[in-house]
Amino acid sequence: MTKKTSSGIELKVSYGPEDWPSSSEANLKNLGRAGEFPFTRGIHPTMYQGRLWTMRQYAGFGSAKESNERYKMLLAKGQTGLSVAFDLPTQMGYDSDHLMSVGEVGKVGVAISSIDDMETLLAGLPLEKISTSMTINATAGILLALYIAVAKRRKISLTQLNGTIQNDLLKEYIARGTYIYPPKPSMRVITDIFSYCKANVPNWNTISISGYHIREAGSTAVQEVAFTLANAITYVQAAIDSGLDVDSFASRLSFFFNVHNNFFEEVAKYRAARRIWAKIMKEQFHAKEPASLKMRFHSQTAGSTLTAQQPENNIVRVTLQALASVLGGTQSLHTNSMDEAMGLPTELAATIALRTQQIIAYESGAPNVVDPLAGSFYVESLTDKIEEDVNTYLHRIKDLGGVIKCIETGWIQREIQNAAYDFQKAMDKKEELVVGVNAFESSSTSKVETLKISPKIEKDQVRRLKAFKKKRNQKLVEQHLKKIQAAAEGTQNLIPLYIDAVEAGVTLGEISEVLRKVFGLFREAVTL
């Protein structure tokens with residue numbers, strides 16, 4: 001039986017010079033050296049010899065105080081960057097005391113409604129020295145405003161702030177679902193963020209264009225790269241259409257990819273993605289600055305591959321995925337905890353996940369050489385094939401009218417759904433084996449401690465928020481909300497108004513409600 005990768009790429013039993021003739025001038029040009037166009041081998045000449053990837057564990061749960069304690073624990077154990085998870089109400093633009101928030105406050109991330117919440121979340125953390133990533137999309141501009149407002153309270157220069165907001169709405173329509181407004185106004189807010197940060201927060205990554213959630217929804221590796229890059233092309237074009245020069249913002253674009261189980265396909269995927277993006281920026285958008293051509297990406301091990309059965313096996317899965325990411329040249333990495341198929345990570349499980357990265361970094365020898373798999377007939381052949389298949393998808397999306405049109409018709413969503421269905425059928429037939437699930441099963445079950453969020457967290461958060469709202473100058477709050485509404489109805493950049501508003505005590509939910517009235521809500525089309 002012919003073996004295939006997760007993307008359906010048929011594999012030979014062995015690979016040789018005929019599969020990747022190293023003497024070919026085109027192949028050598030595509031391969032190049034690390035730090036040189038088209039960056040197949042990495043975006044820096046010395047890669048991890050110069051600096052290791054950022055070890056950034058995704059964390060956030062319950063109250064701002066509890067999450068702050070987890071961040072301090074992780075930093076003390078050697079984490080080198082923060083990664084903030086927000087609860088569902090925060091992601092969807094509702095304050096913790098809103099009716100829509102009942103039962104969800106602090107459950108899948110930290111609850112942040114006000115500047116006081118953000119100040120508690122960041123208490124004692126050296127914002128001028130650390131890099132902070134915030135996984136937030138529809139309300140990304142508001143969370144950035146809260147972060148900036150806290151920095152201003154501490155008299156920290158905005159030029160010292162370093163971090164990332166995900167701010168990737170297109171993939172929300174495609175795969176994840178935490179959208180609020182329709183695509184057009186969402187794109188407007190995104191380009192407002194680009195413009196504001198260019199002038200005021202130059203070291204902030206204004207978007208993390210995410211394939212991670214596309215893969216978690218069931219896509220193949222090829223689809224993950226193709227749909228992510230198609231989204232990225234749309235963002236770049238929108239920024240140019242808004243009047244920005246491509247070289248003024250392109251260097252602050254970043255990407256976020258999944259690391260799945262098919263080891264060599266994942267390594268090749270990253271190498272191909274870098275190469276394709278460099279060519280797009282140079283040939284399609286005519287970017288001139290070298291930094292504009294470089295794909296910088298964060299990676300996270302695949303949550304969808306974790307199993308509740310035999311959860312200790314997840315440590316092995318995560319280790320292999322993390323190693324693939326390192327060999328593929330990631331700039332930042334989160335390793336999932338072994339217990340995440342059952343709940344939020346416990347402190348022990350989160351520590352093991354971090355130690356996994358540290359062992360790869362300091363004991364494996366993997367970071368000692370730039371792109372050590374370069375020249376492998378198999379890896380290079382796979383890289384070329386992924387590039388070819390991704391470009392086929394990109395041409396197809398263009399022919400269908402672009403990403404937004406493909407989202408509105410449901411074409412991209414169906415492509416992902418079909419891939420997920422095919423994988424499930426293969427599992428059912430045992431053509432795809434998952435240890436502990438449909439192979440090497442065990443009747444005994446491991447007892448793994450899980451982290452539980454107390455209902456008291458929600459009650460306390462709502463109480464604090466109501467007290468916060470009561471002590472504000474309500475007249476001032478209303479004035480700021482009117483300014484935001486007027487700007488949303490016009491063309492004025494929204495971000496400075498967000499910052500002024502949250503400094504005056506306006507909450508995330510109140511700003512979002514004004515924008516709902518102006519922009520409306522997005523409803524996904526029902527497609528058959």
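Computed from heavy atoms alone, side chains included, the values below leave out hydrogens, waters and symmetry copies.
- Remark: Arg153 CZ is packed, more than 12 non-hydrogen atoms of other residues, nucleotides or ligands lying under 6.0 Å away.
- Among all heavy-atom pairs drawn from Leu394 and Ala226, the shortest one is CD2-O, 3.4 Å.
- Checking Glu172 against Thr178 by side-chain atom types alone, a donor-acceptor pair falls below 3.5 Å.
- Side chain of Tyr71 to main chain of Ala59: a donor-acceptor pair is present (N/O by atom type, distance under 3.5 Å, no hydrogens or angles).
- Summarising the geometry, atom CG belonging to Leu121 is positioned 6.0 Å from atom OG belonging to Ser67; distances are rounded to the nearest 0.5 Å.
- Side-chain N or O atoms of Asn314 include none that pairs as donor or acceptor with a backbone N or O of Leu306 at under 3.5 Å.
- Just one of Val506, Leu508, Ile193, Val189 meets the side chain to side chain contact (heavy atoms under 4.5 Å, CB included) condition when paired with Tyr498; it is Val189.
- A perpendicular orientation is assigned to the rings of Trp53 and Tyr48, their planes being inclined by more than 60° (bins at 30° and 60°).
- In this structure, Tyr235 and Leu170 approach most closely via the heavy-atom pair OH-N, 2.8 Å.
- For the residue pair Ser332 / Arg56, a side-chain donor-acceptor distance below 3.5 Å is found, with atom types taken as modelled.
- To the nearest 0.5 angstrom, Thr305 atom OG1 is 10.0 Å from Arg215 atom CZ.
- To the nearest 0.5 Å, the span separating CG on Leu52 from CE on Met47 amounts to 10.5 Å.
- If you check the side chains of Tyr270 and Ser299, you find no donor sitting under 3.5 Å from an acceptor.
- A donor-acceptor pair under 3.5 Å links the side-chain atoms of Arg296 to the main chain of Ser251, judged by distance alone.
- Under the side-chain hydrogen bond (donor to acceptor under 3.5 Å, both in side chains) criterion, the residue pairs touching residues 187-197 are Arg188-Asp192, with sequence neighbours excluded.
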- Task: With side chain to side chain contact (heavy atoms under 4.5 Å, CB included) as the test, would you mind laying out the steps for Thr351 and Met73 before giving the verdict?
- Result: CA-CA 9 Å; Thr351 301; Met73 179 275 290; 4.1 Å; yes
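- Crowding of Lys469 atom NZ: a count of heavy atoms from other residues, nucleotides or ligands under 6.0 Å exceeding 12.
- Met92 is not listed as a side-chain neighbour of Ser101, based on a closest heavy-atom distance of 4.5 Å or more.
- When atom types are taken as modelled, the side chain of His334 and the backbone of Tyr58 share a donor-acceptor pair closer than 3.5 angstrom.
- Under a 3.5 Å cut-off, the side chain of Asp247 and the backbone N or O of Lys288 do form a donor-acceptor pair.
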- Message: Is there a salt bridge (charged side-chain N to carboxylate O under 4.0 Å, His left out) between Glu408 and Lys405? Walk through the geometry before answering.
- Response: CA-CA 5 Å; Glu408 290 172 343; Lys405 183 69 174 176; 5.1 Å; no
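- Counting heavy atoms from C-beta outward, Phe519 and Ser512 have side chains that stay 4.5 Å or more apart.
- Side-chain contact between Thr164 and His298: absent, with no pair of heavy atoms (C-beta onward) separated by less than 4.5 Å.
- Between Phe194 and Phe249, the ring planes lie parallel to each other; the angle is under 30°, not in the 30° to 60° tilted range.
- Annotation: the span from Thr319 atom OG1 to Ile359 atom CD1 amounts to 7.5 Å, rounded to 0.5 Å.
- Donor-acceptor pairing under 3.5 Å is lacking for the side chains of Ser210 and Asp168.
- Within the 4.5 Å cutoff, the side chain of Lys269 has heavy atoms near those of the Val225 side chain.
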- Message: Walk me through whether Lys65 and Glu69 qualify under salt bridge (charged side-chain N to carboxylate O under 4.0 Å, His left out).
- Response: CA-CA 6 Å; Lys65 184 174 183 296; Glu69 290 168 357; 2.9 Å; yes
- Message: Quick one, Leu122 with Arg154, criterion side chain to side chain contact (heavy atoms under 4.5 Å, CB included). Give me CA distance, side-chain angles, the key distance, then yes/no.
- Response: CA-CA 11 Å; Leu122 302 174; Arg154 296 191 197 173; 3.6 Å; yes
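- Distance alone, capped at 3.5 Å, is enough to place a donor-acceptor pair between the Thr346 side chain and the Ala349 backbone.
- Looking at Glu458, its side chain does come within 3.5 Å of a backbone N or O of Gly103 through a donor-acceptor pair.
- Remark: the Ser157 side chain and the Gln160 side chain contain no N/O donor-acceptor pair separated by less than 3.5 Å.
- Side chain to side chain, Ser63 and Gln461 fail the donor-acceptor criterion of an N or O pair below 3.5 Å.
- Around the NZ atom of Lys72, the shell of radius 6.0 Å holds more than 12 heavy atoms that belong to other residues, nucleotides or ligands.
- Side-chain contact check for Met55 versus Gln358: some heavy-atom pair is nearer than 4.5 Å.
- Using a 4.5 Å heavy-atom threshold, the side chains of Arg274 and Phe297 count as touching.
- Contact of the Phe522 side chain with the Ser186 side chain is not registered, since no non-hydrogen atoms from C-beta on lie closer than 4.5 Å.
- Between the side chain of Asn231 and the main chain of Thr228, no donor-acceptor pair closer than 3.5 Å is present.
- Between Leu229 and Phe255, the closest side-chain pair of non-hydrogen atoms falls below 4.5 Å.
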- Task: Step by step, work out the side chain to side chain contact (heavy atoms under 4.5 Å, CB included) result for Arg516 and Leu521.
- Result: CA-CA 6 Å; Arg516 283 187 183 92; Leu521 299 175; 3.8 Å; yes
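- Of the inter-residue distances, the one linking Ile115 atom CD1 with Thr120 atom OG1 reads 10.5 Å to the nearest 0.5 angstrom.
- Under the side chain to side chain donor-acceptor pair (under 3.5 Å) test applied with Asn137, the options Gln91, Lys171, His213 reduce to a single match, Lys171.
- The ring of Trp204 has its center closer than 6.0 angstrom to the ring center of Tyr147.
- Within 6.0 Å of NZ in Lys483 there are 12 or fewer heavy atoms belonging to other residues, nucleotides or ligands.
- Rounded to the nearest 0.5 angstrom, Asn205 CG and Ser131 OG are separated by 7.0 Å.
- The two residues Ile156 and Leu161 come nearest to each other via the heavy atoms CG2-CD2, 4.1 Å.
- When every heavy atom of Ile416 is checked against every heavy atom of Ser219, the shortest pair comes out as CG2-N, 3.7 Å.
- Side chain to side chain, Ser254 and Gln331 fail the donor-acceptor criterion of an N or O pair below 3.5 Å.
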- When you look at Lys471 and Asp116, which way does the side chain to side chain contact (heavy atoms under 4.5 Å, CB included) test go after all the steps? CA-CA 12 Å; Lys471 70 181 181 182; Asp116 279 10; 3.4 Å; yes
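- Closest approach of Ile43 and Met295 over heavy atoms only: CG2-O, 3.5 Å.
- For the pair Gln79 (side chain) and Gln57 (backbone), a donor-acceptor distance under 3.5 Å is present.
- Shortest non-hydrogen contact noted between His98 and Met100 is ND1-N, 2.9 Å.
- Asp87 places a side-chain N or O within 3.5 Å of a backbone atom of Gly106 that can act as its donor or acceptor partner.
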